[in-house]
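Along the sequence shown, the residues carry numbers beginning at 1. Quick caveat, the model's predicted, so the values are computed rather than measured.
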Amino acid sequence: MAQLSLFLVVLFALIVPILMARLQVNAVPTAVAEIIIGIILGASGFNIVRPTHDLSFLSNLGVILLLFLSGMEINFELLKPRRKQKKEPGQITPFKIALEAFLGVALLSVCLALVLKSLGLFGDTMLATIIFMTIALGVVIATLKEKDILDRPVGQTILLTAVLGEVIPLMLLTVYAAINGGNTKQLWLIILLFGAAIILLWRFKQPYLWFVQVTKSTTQLDVRLAFFLIFALVTVAEKVGVENILGAFLAGIVMKLLEPSQQTADKLTSIGYGFFIPIFFIMTGVNLNLRSLLAHPSSLILLPVLVLFLFLAKLPVAVIYAKKFGARNGFAGGFLTATTITIVLPTLAVARKLRVITSLQSDVFILAAVIVCIMCPILFNAIFQLKPEDRIKEKVVIMGTSALTVPVMHDLNENWYAVRMFTTSSEHYNTYKSRVPDLELLPELTDEQLEQAGVFNGNIFVAALRSDETNLRLGQLAKEKGNFKRIIICQKRADISRVDQLREEGMEVFDLSNVTSSLMRALIESPAVYSVLTDTKNAVYSVVVRNSQYAGLQLMDWDLAADITVSRIRRGHEWLVPHGHTVIESGDEIIFTAKYQTANRVRRVLEEK
């Protein structure tokens, strides 16, 4: 029976996402679907899967990996303040809004927990408070990625609120476990756990960089290091009397701060969500006993109250978001942050272990969390409406107005880029101000004036003034003072040795003389290539494949293949010549030609996770 239970759990872990894809069930998170399948297979349904030692072990590993990957999802760039930068009109500060919203959630959660106690429905105020303030970070991230707004102000704000809704309850759960477990004197030992995390980060930074360089398919040193971090911090957590899930979460944060490559992150995600985490969710459903709930109608009275309170607890989020993003998207964000499942499950497991909650009460909380988790993404998708600023992918800062940069600004797809331009010439300012929507005159390029004007606030920086030395200086300042993903420096005639040095420093060089000669050669040798490069309607684009539905398929099997022409594929540091039978892998960069309307759709679809 034990072997059959293991087989069925692994089988349905495979079948559930396939059925959801075939039936196009996109509104319900996969985790919730797996819990529902577990309910059907377990004691509440057909009772063909029963908890065994092996399944319990794999389930425990699943929750540890779930918390580890949640720690890796935190984007610490969002927490970095931008120094001395001029605030643009209406500029939104995601962390400040998220912190304000979560503080409101915390206060209201305490009030709701007290109401629950006064009604005589549930007496443990601290446990109820922790559950009401939790937010399912994994579900929130998946939903934001589906909407393609994870990198936008509204997406960043929701993400940071969800991060707080996962980190703070974890800390409180540790305190709660210490108090109820009689280990209050050992609370100070939590410092040792954080100290161990800092030491591991400090000692393994350089070895990790070396591991990445020498890792092979037969060694996978980067993955081995990740599991070492997990078990090291989980072991320390258990030794100092702290819940192991906090150690796993800290291990994820340490791994994130080591700045793993996308390939490493994909491997760890594949291991977690490919095997262990689905087992945890399915076994959660298996362990849920609805028959017992139905046999005690008094317990069912608690269910609608919990569902209502889980929604009400996130009311401050909706109110605060509404002031910044509008009433419609504010309430949509409130519904999404009401999603709570990932931290609730381990929290209830800790409570059962401490015997401060009955199995019956635990099942009611889990069922309420499942109901809310089904409803919230559906309500968010139905209510949320993209605004023009939410559709913009990258903020581009261009220094210099000329016959080169102004046409480029007009040709950039407005659905992908928001462009700000600066000029040092009053003559150019008067000439182009009617053609450039966001143009500012900077007579002097002092560090202070550049920062006050917000020059270093963006995603892509382009220095295209007349002086090569000025462009070089601006590029170095942008690297020092900004958080740019890319820095492009224009040079009239670049020195090859300097170009190599700048590339090593993370800056790209646009050599005007080289580009001009290359285009002339293309016009002479390959007129068709020249036409493609200079055509603004059918241009060359690139996209990194993130959508798992397209990874693993041959290029000829893509439903997008008829609309685009793929010219090259970059896999790691290698360039591949595409053929119809070429199997595309996750992380491949596709270079393709298409009309810009088609390219917009292709990039959106392929970049989805």
Side-chain angles (χ1 to χ4, degrees), residues 1-26 28-70 136 138-139 142 217-218 220 223-224 226-227 230-231 234 244-245 248 266-294 341-342 344-346 348-349 352-353 359 362-363 366-367 369-370 373-374 548-549 551-553 586 609:
M1 186 65 185
Q3 194 65 33
L4 177 62
S5 294
L6 177 60
F7 170 75
L8 289 174
V9 169
V10 175
L11 174 64
F12 279 93
L14 171 66
I15 291 176
V16 168
I18 295 175
L19 287 176
M20 293 182 71
R22 293 290 295 175
L23 299 175
Q24 296 183 343
V25 181
N26 300 318
V28 179
T30 305
V32 174
E34 289 164 348
I35 292 174
I36 293 172
I37 287 295
I39 293 172
I40 295 171
L41 297 176
S44 303
F46 295 106
N47 199 25
I48 56 176
V49 172
R50 296 177 184 176
T52 65
H53 177 270
D54 291 342
L55 283 172
S56 297
F57 174 74
L58 293 173
S59 179
N60 289 334
L61 278 179
V63 72
I64 286 173
L65 282 172
L66 177 64
L67 270 296
F68 171 78
L69 293 173
S70 295
V139 177
S217 58
T218 54
Q220 300 293 334
V223 176
R224 297 187 191 195
F227 276 91
I230 292 171
F231 286 101
V234 164
N244 56 20
I245 54 176
D266 289 342
K267 290 177 190 175
L268 295 170
T269 302
S270 299
I271 293 170
Y273 285 99
F275 183 70
F276 293 101
I277 295 174
I279 293 177
F280 165 66
F281 285 123
I282 291 175
M283 289 308 298
T284 298
V286 169
N287 293 324
L288 186 62
N289 195 337
L290 295 182
R291 295 179 190 272
S292 178
L293 280 179
L294 294 174
I341 193 74
T342 49
V344 168
L345 298 179
L348 292 171
R352 289 195 303 271
K353 186 171 66 175
S359 296
S362 175
D363 289 347
I366 292 174
L367 186 57
V370 169
C373 206
I374 292 173
S548 58
Q549 294 183 9
L553 294 179
S586 179
K609 282 193 177 181

Side-chain contact, heavy-atom cut-off 4.5 Å: Pro51 with Met283? yes
Quick one: which of Val9, Leu6, Val10, Thr52 gives a side-chain contact (heavy atoms from CB on, under 4.5 Å) with Leu58? Leu6
Can you name the residues that form a side-chain contact (heavy atoms from CB on, under 4.5 Å) with Phe57, not counting sequence neighbours? Leu61
Distance in Å, Leu66 CG paired with Ser59 OG, rounded so as to fall on 0.5 Å steps: 10.5 Å
Excluding sequence neighbours, so at least two apart, what forms side-chain contact (heavy atoms from CB on, under 4.5 Å) with Arg352? Leu348, Ala349, Ile357, Ser359, Ser362, Ile366
First locate atom CG of Leu8, then atom CG of Leu4, and finally report the distance between them rounded to the nearest 0.5 Å. 4.5 Å
How close do Met20 and Ala33 get, heavy atom to heavy atom, and via which atoms? SD-CB, 3.6 Å
Pro17: which residues meet the side-chain contact (heavy atoms from CB on, under 4.5 Å) condition with it, sequence neighbours left out? none
Only distances under 3.5 Å count here; give the side-chain donor-acceptor pairs of residues 35-45 to other protein atoms, sequence neighbours excluded, each with its distance to 0.1 Å.
| unit_1 | atom_1 | unit_2 | atom_2 | d |
| --- | --- | --- | --- | --- |
| Ser44 | OG | Leu288 | O | 2.5 |
| Ser44 | OG | Leu290 | N | 2.6 |

Of Phe227, Tyr273, Phe275, which is the lone residue that meets side-chain contact (heavy atoms from CB on, under 4.5 Å) with Leu65? Phe227
Pair Val49, Phe12 - check side chain to side chain contact (heavy atoms under 4.5 Å, CB included), show working. CA-CA 11 Å; Val49 172; Phe12 279 93; over 6 Å; no
Set of residues satisfying side-chain contact (heavy atoms from CB on, under 4.5 Å) with respect to Ile18, sequence neighbours excluded: Leu14, Arg22
Please report the interatomic distance CD1(Ile277) to CD1(Ile282), rounded to the nearest 0.5 Å. 12.5 Å
Are any of the side-chain heavy atoms of Leu55 and Ser5 separated by less than 4.5 Å? yes
Shortest non-hydrogen contact from Leu69 to Gly272? CD1-CA, 4.2 Å
